[in-house]
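Residue numbers begin at 1 in each chain, while the letters A, B, ... track the order of the sequences.
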Amino acid sequence: MEIPSKYEPQRVEEQWYSYWMKHGYFNSVPDDREPYSIVIPPPNVTGVLHMGHMLNNTIQDVLIRRARLMGKNACWVPGTDHASIATEAKVVAKLKEQGKDKFNISRDEFLDHAWDWTHEYGGVILEQLKKLGCSCDWSRTKFTMDDDMSASVIKVFIDLFDKGMIYRGHRMVNWDPEAKTTLSDEEVIHEERQGLLYYLSYQIDGSDESVTIATTRPETILGDTAICINPNDERYSHLKGKKAIVPLCNRVIPIIQDEYVDIEFGTGCLKVTPAHDINDKTLGEKHNLEVIDIFNEDATLNSFGLHYQGKDRFVVRKEISKELEEKGFLIKTEQHLNKVGTSERTKAVIEPRLSDQWFLAMEQLAKPAIDAVLKNNEVKLFPKKFENTYRHWMENIRDWNISRQLWWGQQIPAYYYGDGQNDFVVAESKEEALVKAQQAITSGGVKKVLTADDLRQDEDVLDTWFSSWLWPISVFGGILEPNNKEVNYYYPTNDLVTGPDILFFWVARMIIAGYEYRNERPFENVYLTGLVRDKQRRKMSKSLGNSPDALKLIEEYGADGVRVGLLLSSAAGNDLMFDETLCQQGKNFANKIWNAFRLIKGWEVSDLPQPEASSLGINWFGAKFNQTLVEIEDHFSKYRISDALMAIYKLVWDDFCSWLLEIVKPAYQQPIDRETYDAVIHLFEENLKLLHPFMPFLSEEVWQHIAVRTPEEALVVSQWPIDQKVNINLITEFDFASEVISGIRTIRKEKNIAMKDALELSLLNEENVSKNWDVVIQKLTNVSSISYVNKPVDGALSFRVKSNEYFIPMSGAIDVEAEIKKITEELDYTKGFLQSVQNKLSNERFVNNAPEQVVAMEKKKAADAEAKIETLEKSLASLG
RNA sequence: GGAGUGUUAGCUCAGUUGGUUUAGAGCACCGCCUUGACAGGGCGGGGGUCGUUGGUUCGAAUCCAAUACACUCCA
């Protein structure tokens, strides 16, 4: 059989993925086994795979594949969310291209377009996850707008409303004038912008005096309803109780006093615009001020804007400042750096706006979620440092504005039957609403028969997170049927893998929902990955264009290469500086394994006695493998995925390929004995099992090349190796031997002696090292004989391992000077080291206070160093 | 302005309750090696006074305080 010398991922990836799919290895149904479940953080339905998804989903796949190999009933539920604002923005843009305007078509028509869009692009990202190798149970794929998922959302809304936790409030919200919707605080990005501070003069009513205020937003003066001064500010105390006149509109407004005003800032005199600033609103409520909203919903001015009506706020800012200047109201301007809230989605500058919104009271709900993470450890965050961030947010939690002025999403099930603020009912359907509304008006004493036409459903939809906070429950049908078999089996899920940027948006809220609706945590462990950044530490984003094309990467380096590349340097919670050379490293690793396979497969097997070296090597690797296995388990238990991978990387590359295969390798064109061959194949297979979660394609490919396998014998469903007792002795002996080998190799290098020229080795075995490994040393260094001597050999090059001394006789002149120099250097180092140890030991307080073990250790160090110094000094004496 | 996290080799990071050879890994770098698995390889090597300054301790990269810088979140 001809095996290509290079591993070709493109050739095998599709083949194995469809093989896995065909045999349904990823599908899960409840059974007697222990469940292991993960729900995917649902990506936006219209999104495409980016580096963050790749990292995130690679980690999930590693966890789920490992669980599957460990015999658990592994279930990874995939899906997408409807991303109301992002998707709606895209649909609006598409309609615009077609010359249509969202506000000229009906809601139903718009939703048809949105569904078309969803069906067209909705599957893309999930298909991309398959390319990455993700072993999701695709038969369970969910979408937050699926009928059952929406029904769950509505049911929860009604339940919370009935419990009195959802209420309607007139609040100041973050208004995105471009998308014409509300944003949550978390969707607002604060940016520093260079702006101006305008100093404006307001005349005092009934006086020639005027007062100067400083503002960053001169256009909002038209909404001013007071001037505020600090009662402790003597400069203005004479103005108490007077009134001021707003420039241009000539409105007469009160001058109020409040300690809120910062005396130092600007002129220490503040204009109050309750409709357009959250702090001003608070002041307004406190002092009973009028509220004048000067903006339309697209942030153009309304009729309060006088002759600026219909113009955009930024245009007005320029024009009004000019007019103010011309009319003598503008005293001066100053450069001013201020923080401006912008929309995460549309980049528009946020306008604080008063409007009617739906809120969910959070304080009570949050309590069990706080305890779960911070008190009883039912939910563990990895890395732990995020607990502080979590605490800070949860303990200062604010009510959640769950309404969005959009169409794409679950429409709020509130039905208005009259004009009053509270003339509404909340119900699952219009029919039910009608009954409730009828009851409401009847009990209110009104004698009127309502019809469906009298009801008007709230226009707004629910925040997308109000769908996804139910995700771990709703994907298993646990909201609609709380006692169904699926949710009882899979819930709580085991691990959640996501980015720290949505710790509050999503993770905290899922924990809240979990306790509210299942009285149980939604997951046990939360692994928070870092953000993927580029080499200049910039966050990868579409707008910067610094994100590599995920699928192109897979094409170039293979899915396994990319997975390894992403994981190699992504310590939990630390940002990952993405660099394509990491993928190259992953690709190289795949190739290394492939070639190890080629080597073994190329051997001719024969019935020969097993060489001593092979037997030793195999036993040693067995021990090393078990030691590494324990280490890997430990890494996994701490979610140190990249450390686990590195341990396997070194096990396979260094221990298996560089050491074991070299030890057992038969001479050129010679056959290998069957016993060794079988053992090496077995060990190789065990390695492939460890590799599989990280490199599923390559490992399956090699596995299937090694032998003909039935579907039941596929690697994807094989058995994770079981821990066995580690023979530490073999490992220490080997380590010593490898140092000897390294010493000989160094001498070959230094003296330029080719490998084919055999050497002779003598040694002073002060350490009393076992002779067992001599055969291995001889094989790997081409040493023809090893003799044990009891005094230094003259005219030989030497090196030392611990206090053993090794000699290689040289024909020709030995560079005595160089030898002396080398030994002197080693001697100096060892003496320095001994000194530092002796310093400790001569310190009485150390000897008296330190634990016995530590003192014993130091004594051993000293003894070892002394022995070595003795050896070195003897060598020096014999040379000089 | 408030809170948090971090600062260890050229880069990315380990260093698990202070003691395991005067700090480790991977990559990068520098030599040498074109023979028979793999140049996407092999062998060998150099490289850090652990941000700074104090303190606690017999002993500090590790604990405490101050300070500088970087990042994140909140206002």
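- One P atom belongs to B:A60, the other to B:G41, and the distance between them is 43 Å to the nearest Å.
- Between A:Lys861 and A:Glu858 there is a salt bridge, since a side-chain N of the basic residue sits under 4.0 Å from a carboxylate O of the acidic one.
- Among the nucleotides B:G44, B:U21, B:A14, the one closest to any side-chain atom of A:Lys802 is B:U21.
- The side chain of A:Arg398 places an N or O atom within less than 4.0 Å of a non-bridging phosphate oxygen (OP1 or OP2) of B:A75.
- Classification of A:Glu825 and A:Lys822 as a salt-bridged pair fails, no side-chain N sitting under 4.0 Å from a carboxylate O.
- A gap of 47 Å separates the C1' atoms of B:U34 and B:A70, to the nearest Å.
- Remark: A:Trp653 is in phosphate contact with B:G42, judged by side-chain N or O atoms under 4.0 Å from OP1 or OP2.
- For B:U72, the OP1/OP2 oxygens have no side-chain nitrogen or oxygen of A:Thr389 closer than 4.0 Å.
- When the nucleotides B:G41, B:A75, B:U20 are ranked by their closest atom to the side chain of A:Lys861, B:U20 comes out on top.
- Among the duplex regions that RNA chain B forms, those built from at least three successive Watson-Crick or G-U pairs under 3.5 Å are B:1-7 with B:68-74, B:10-13 with B:24-27, B:29-33 with B:41-45, B:51-55 with B:63-67, ordered by first number.
- Per the geometry, CZ belonging to A:Arg640 stands 9 Å off P belonging to B:U16, to the nearest Å.
- The residues A:Asp864 and A:Lys868 are annotated as not salt-bridged, no charged nitrogen and carboxylate oxygen being separated by less than 4.0 angstrom.
- With distances taken from any side-chain atom of A:His392 to the nucleotides B:A3, B:G4, B:G19, the minimum falls on B:A3.
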Does A:Val726 form a side chain to side chain contact (heavy atoms under 4.5 Å, CB included) with A:Leu629? I'd like the steps, not just the answer. CA-CA 10 Å; A:Val726 180; A:Leu629 185 59; over 6 Å; no
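- At the phosphate of B:C27, OP1 or OP2 sits under 4.0 Å from a side-chain N or O atom of A:Tyr649.
- Taking side-chain N and O atoms only, A:Lys592 has a distance below 4.0 Å to OP1 or OP2 of B:G42.
- The nearest whole Å value for the distance from the CD atom in A:Gln669 to the C1' atom in B:U35 is 12 Å.
- When the C1' atom is compared between B:A23 and B:C30, the two are found 23 Å apart, to the nearest whole Å.
- For A:Glu662 against B:A37, a side-chain-to-base donor-acceptor contact under 3.5 Å is present.
- Across B:U5 and B:G31, the matching P atoms stand 45 Å from one another, rounded to whole Å.
- When distances run from any side-chain atom of A:Tyr829 to the nucleotides B:G4, B:U21, B:G44, the shortest one goes to B:U21.
- Taking the side chain of A:Thr746 as heavy atoms from C-beta on, and the options B:G4, B:G44, B:C38, the nearest nucleotide is B:G44.
- Taking atom P in both B:A28 and B:G40, one finds a spacing of 12 Å when rounded to whole Å.
- Between A:Glu873 and A:Lys831 a salt bridge is recorded (basic side-chain N to carboxylate O distance below 4.0 Å).
- Going from the C1' atom of B:G51 to that of B:U8 covers 10 Å, rounded to whole Å.
- Not less than 6.0 angstrom separates the ring centroid of A:Tyr527 from the ring centroid of A:Phe382.
- Distances from the side chain of A:Asn591 to the nucleotides B:U21, B:G40, B:G15 place B:G40 closest.
- Which of B:A14, B:G19, B:A37 sits closest to the side chain of A:Val854 comes down to B:G19.
- The nucleotide whose nearest atom lies closest to any side-chain atom of A:Met857 is, among B:U20, B:A14, B:A37, B:U20.
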Test A:Leu651 against A:Phe621 for side chain to side chain contact (heavy atoms under 4.5 Å, CB included), laying out the working first. CA-CA 9 Å; A:Leu651 177 74; A:Phe621 185 80; 3.9 Å; yes
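- The A:Ser658 side chain lies nearest to B:C43 when the options are B:G26, B:C43, B:A37.
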For nucleotides 55-62 of chain B, which of its nitrogen or oxygen atoms have a protein nitrogen or oxygen under 3.5 Å away, and what is each distance?
from	atom 1	to	atom 2	distance (Å)
B:C58	O2'	A:Asn843	ND2	2.7

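- Between A:Lys802 and A:Glu739 there is no salt bridge, since none of the side-chain N atoms of the basic residue sits less than 4.0 Å from a carboxylate O of the acidic one.
- Proximity of A:Ile554 to A:Glu13: side-chain heavy atoms (C-beta onward) are separated by under 4.5 Å at one or more points.
- For A:Lys749, the listed nucleotide lying nearest its side chain is B:G31; candidates were B:A14, B:G31, B:G26.
- Checked options A:Gln584, A:Lys592, A:Gln585; the residue passing with A:Asn588 is A:Gln584 (criterion: side-chain hydrogen bond (donor to acceptor under 3.5 Å, both in side chains)).
- Residues A:Glu351 and A:Arg217 are paired through a salt bridge, judged by an N-O separation under 4.0 Å between the basic side chain and the carboxylate.
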